[in-house]
Amino acid sequence: MKVYKKIAGLAKAFVWIFGIKDKSLPVYVESMSDGLKVHLGSGPINIQGWVNVDARSYEHVHVVSDGFELREFADGAIAEMYLCHVLEHFSFEEAEALLKSLKIKLRPGGVIRISVPSFDRLIEVYKQCGSDITKVQFALMGGQDYQYNFHKSLYNLKSLRQLLENCGYSNVLEWETLVDFGVNLGDWSNGTF
């Protein structure tokens with residue numbers, strides 16, 4: 001199965017440390033393809049036209065699940081998946097198992113977009129800020145303000161690409177939020193909030 005795969009704007013994803021709004025307005029994105037679209041780990045981000053899945057029960061969340069097994073969806077049924085600052089909340093072993101199970105849920109030619117904090121970029125930020133660890137600590141370790149907000153793994157472009165290829169994904173490419181979604185989603189995928 002050949003799956004069109006894109007990796008997130010890793011170099012910019014670190015800025016999530018600046019926080020997140022308690023309740024966001026719906027985000028309307030350009031239609032990228034026909035078919036079922038699933039936003040895993042949506043948190044307070046409400047992407048219209050997508051099935052929002054999160055471990056926490058927000059008003060706009062359609063499926064509450066902390067493991068993302070996606071039992072609610074048939075194998076090969078999902079056209080697109082989006083995960084922004086989710087993968088790092090799983091151990092390396094859990095992340096590999098998750099990516100393999102998500103691949104089964106994607107239809108042939110399906111797209112999965114992933115954004116994670118870039119360890120390479122965090123090192124740059126740390127150095128640029130005079131070795132002030134407080135500028136990167138939450139991006140490295142999670143916000144630690146609720147049960148699931150702890151990081152268990154870290155990535156850079158090379159390691160994430162290798163992980164995806166090891167899990168059977170092909171055509172692994174970097175992607176940009178504004179190009180692929182046509183709008184700033186209000187999350188950390190494009191480096192601004």
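FYI, the numbering just counts along the sequence from 1.
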Partners passing side chain to side chain contact (heavy atoms under 4.5 Å, CB included) against S101 (at least two apart in sequence or in another chain):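 If we apply the side chain to side chain contact (heavy atoms under 4.5 Å, CB included) test to S101, skipping adjacent residues, the hits are L98.
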Mind checking what makes side chain to side chain contact (heavy atoms under 4.5 Å, CB included) contact with F150, not counting sequence neighbours? Q144
Would a 4.5 Å heavy-atom cut-off, applied to side chains only, mark [X] and [Y] as touching?
| X | Y | answer |
| --- | --- | --- |
| E165 | V172 | yes |
| W50 | V29 | yes |
| L140 | P117 | no |
| W188 | C84 | yes |
| M81 | L106 | yes |
| D180 | R113 | yes |

List for me each residue that meets side chain to side chain donor-acceptor pair (under 3.5 Å) alongside [X], sequence neighbours excluded, and say none if there are none.
| X | answer |
| --- | --- |
| K100 | E96 |
| S65 | none |
| T177 | S189 |
| Y148 | D66 |

Contacts satisfying salt bridge (charged side-chain N to carboxylate O under 4.0 Å, His left out) that involve residues 136-155 (not counting sequence neighbours) are E94-K152
Give a yes or no on whether a salt bridge exists between K127 and E124, defined as a side-chain N under 4.0 angstrom from a carboxylate O. no
Enter the distance from [X]:[atom1] to [Y]:[atom2] here, rounded to the nearest 0.5 Å.
| X | Y | atom1 | atom2 | value |
| --- | --- | --- | --- | --- |
| S115 | L83 | OG | CG | 9.5 Å |
| W175 | I112 | CH2 | CD1 | 11.0 Å |
| I133 | Y126 | CD1 | OH | 5.5 Å |
| S118 | L157 | OG | CG | 7.5 Å |
| H85 | I45 | NE2 | CD1 | 11.5 Å |
| N166 | R161 | CG | CZ | 13.0 Å |

Under 4.5 Å side-chain heavy-atom separation, chaining through any Ile, Leu, Val, Met, Phe, Trp or Tyr, what else clusters with L178? Say none if it is isolated. none
Looking only at heavy atoms, which two atoms of [X] and [Y] are closest? And how far apart?
| X | Y | result |
| --- | --- | --- |
| S42 | H60 | OG-NE2, 4.1 Å |
| F90 | S153 | O-OG, 2.8 Å |
| L122 | V136 | O-CG1, 3.5 Å |
| A79 | R107 | CB-CZ, 3.4 Å |
| L87 | A95 | CD1-CB, 3.7 Å |
| V63 | V61 | O-CG1, 3.2 Å |

Under the 3.5 angstrom rule, does the side chain of N156 hit a backbone N or O of F119 as a donor-acceptor pair? no
Can a donor-acceptor pair be found, under 3.5 Å and without considering hydrogens, that links the side chain of D54 to the backbone of G43?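 The answer is yes, because a donor-acceptor pair under 3.5 Å joins these two groups.
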Would you mind telling me which of N46, L40, V38 makes a side chain to side chain contact (heavy atoms under 4.5 Å, CB included) with N52? N46
Apply side chain to side chain contact (heavy atoms under 4.5 Å, CB included) to the pair F181 and Y28, showing each step before the final yes or no. CA-CA 9 Å; F181 285 97; Y28 297 89; over 6 Å; no
Do other residues, nucleotides or ligands put more than 12 heavy atoms under 6.0 Å from the CD atom of E93? no
Determine whether L99 and I114 satisfy the following criterion, side chain to side chain contact (heavy atoms under 4.5 Å, CB included), listing intermediate values before the conclusion. CA-CA 10 Å; L99 289 170; I114 298 174; 3.7 Å; yes
Could you pull out all donor-acceptor pairs under 3.5 Å where a side-chain atom in residues 68-78 meets a protein atom, sequence neighbours excluded?
| residue | atom | partner | partner atom | Å |
| --- | --- | --- | --- | --- |
| D75 | OD1 | K105 | NZ | 3.0 |

Verdict with reasoning, K37 to Y82, per side chain to side chain contact (heavy atoms under 4.5 Å, CB included): CA-CA 8 Å; K37 299 171 187 74; Y82 176 56; over 6 Å; no
Show your working on side chain to side chain contact (heavy atoms under 4.5 Å, CB included) between H151 and H89 and close with a plain yes or no. CA-CA 4 Å; H151 292 180; H89 295 271; 3.4 Å; yes
